[in-house]
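Heavy atoms only: backbone and side chains are in, while hydrogens, waters and symmetry mates are out.
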Amino acid sequence: MCNGISEMSGYYGMLPTALAVLSRAEDGSYNTDYANPAAEKILSSNAGLIGAISGAVSDGVKEWRGEVGSRSFAAKTSSRPDGRVIVIIRDITDDLKNQQDRIDASMAALRSALDAANAANQAKTDFLSNMSHDIRTPLNAIIGMTTIAQAHLDERERLEDCLEKISLSSKHLLAIINDILDMSRIESGKMSVSNEPFALADFIHSLMAVFRPQADAKRQKVELDFSGIHHEHVSGDWMRMQQVLVNILSNAVKFTPEGGKISLTIREGARVGKADRNYAYYEFVVQDNGIGMNKDFLDKIFLPFERDKGVNQIQGTGLGMAITHNLVKIMNGEISVESEAGRGTKFTVSIPLEQLEDDESGLSALRGLKVLAADSDTASLHNLKEILSDLGMEYDAVESGWEAQDLAARAHVEGKDYFAVMLGWHLSVVDGVQTCGELRAMLGSEIPIILMSAFEWTMSSDEMRKRGISAFVPKPLFRSRLAETLYAYTDSGRAKGAKAGSEKEESFEGYNILLVEDNEINREIGVELISMLGATVECAEDGKEALDIFSGSPKGRFDLIFMDIQMPVMNGYEATRAIRALPREDSKQIPIVAMSANAFVEDIRACRSAGMNAHVPKPVSLASLVEVMKRFLKTEDGSAEDNAADPEVSV
């Protein structure tokens, strides 16, 4: 090796970095005086590399990058005083490839994010376009029917028709708004669930009251199977469960043609122990033979803003199933769907509910009593017989009205009358109502005759008495509801009923209400509804006026305050705090109930912070007013609920 190189070769030879020493020849080219093993490996397999580097050195380049063959290299040069040049060489082919891969991956991620953002924006654009149509449709009906009604004020039938259509369109518009608000709460993480005790019988009958009229309007056959329920009293979120099932059942009606079939099956699963409480998964299965869904839509049915583009002339926000899916998840449940275009759809919802102990007090009075049961619906009759057996009662069961009359007549002649007679509404040969009349004429007034039907009962109590009907039990039959009805006709049940019957109905006559509302139309509606309940109403148009009226009134003048939230001068929160701060005893005790369109959870909590007792969301219904007034005002039997603030309750 040349002068000085031999001394460095031992050190350079151990370096992992590829290093070479170049010297300049007389013709201006560069020769390789030394290359360590790493450099030798690179140079030997890449002919022309040293020439490319030498050219760069000749041009005075300190850092060089280039390609030789299929490989990429980088070199750094450093000139020595003796004219030689030290060159550090690096094969950067893999580095460049990895860098390009990272760039490609980043670009792919950016493109994916851009596509997702564009898709989301397009979905929201489509959603707003759909909402514009869906909101304007019921609004057009409301405005149009109002105009028609004003032109036919003297035609009662035409006026009633317009009012009915205005009511239906208003409810449809409210449903659209509720969907939008629910989705907003879910996306913001502010949707909460409650855990309150309820009876599945009440829940199902409430559900049927909403669902069955829709199905009846399309002449759809409804099949119900609740035979798998053994524990009827549970604890959970009634309202959210009803919202889920009403949505699914309404869709079943909507997407099933006239004359189609819809079934609802409920099964009680195995118990799941949680500390000292017993939980079980209750499975709700809704199945129809409607138009079904194709696979493309099925894969995104639970995404917001999605609608089946293959379905025409069926309104909806595209949020219903997304809301349903999220509500089920919030309740720690599961939801699945099976469907095929043209073959129908099956939804399965499983929700954990806490099982409560059933109240069996008084049921011993039913044991050994004999009932005559008649129903042409064999499944319903079988269910009735199982319940009666479980209650320890005896029974004779037939399927026609004539058979029922024959058995009742024989027992009556023998002096062995049945304790009660239970008749299905639709009996073969002679229907239940007619059979009831025949039996009442035969048996007299003492024996209770109970009518059973899956259809909504609209007969008044006076008409029931005229026809000889003692009571009505809705189908599907539940053990608790049936036992309660039958127990009322035992000796102990009659005694309890007589005591309850002596108590007068709730009345709000004599109560004074302060209504605080800045909107003139809302104020007019509030005054009319409260006045219909017998109470006296005084109004204030803002929070400051309400404060002045209350502070200037004698103690005990007002029994309850309904308070709007968003008002000029002084809002509802400020007015409530000011009233609570007044130096008088009744300012701390008077119930103050928010009556507001601000209906989110945070709004209800803001009511609590301000000192309100409860919250009634707008639009206000007569039923919600009755409920809150019964809760906070004394009834004529002298009872009253504690008026401690509890605005977590939204009536």
Got a sec: does the CE of Met239 have more than 12 other heavy atoms crowding it under 6.0 Å? no
Polar contact flag, side-chain donor to acceptor under 3.5 angstrom, Ser376-Glu399: no
Check the angle between the aromatic planes of Phe198 and Phe203 and answer parallel, tilted or perpendicular using the 30° and 60° thresholds. tilted
Is any NZ, NE, NH1 or NH2 atom of the basic residue among Arg479 and Asp390 found under 4.0 Å from an Asp or Glu carboxylate oxygen of the other? yes
I'd like to know if the side chain of Thr348 and the backbone of Ser336 have a donor-acceptor N/O pair within less than 3.5 Å. no
Tell me if a side-chain donor or acceptor on Tyr282 pairs with a main-chain N or O of Val234 at a distance below 3.5 Å. no
Begin with the C-alpha distance, continue with both residues' side-chain angles, and end with the deciding distance and a verdict on side chain to side chain contact (heavy atoms under 4.5 Å, CB included) for Arg481 and Asp202. CA-CA 8 Å; Arg481 182 68 62 83; Asp202 296 334; 2.3 Å; yes
Under 4.0 Å between a side-chain nitrogen and a carboxylate oxygen: does that hold for Lys218 and Glu258? no
Check the pair Thr324, Arg240 against side chain to side chain donor-acceptor pair (under 3.5 Å), reporting the backbone distance first and the verdict last. CA-CA 9 Å; Thr324 297; Arg240 298 303 179 199; over 6 Å; no
Determine, for Asp417 against Lys370, whether the closest basic-nitrogen to carboxylate-oxygen distance falls under 4.0 angstrom. no
Between Tyr418 and His412, is the ring centroid distance below 6.0 Å? no
Check for a donor-acceptor pair, side chain of Gln405 on one end and backbone N or O of Leu439 on the other, with a separation under 3.5 Å. no
Any chance NZ of Lys221 has more than 12 other-residue heavy atoms, nucleotides or ligands included, within less than 6.0 Å? no
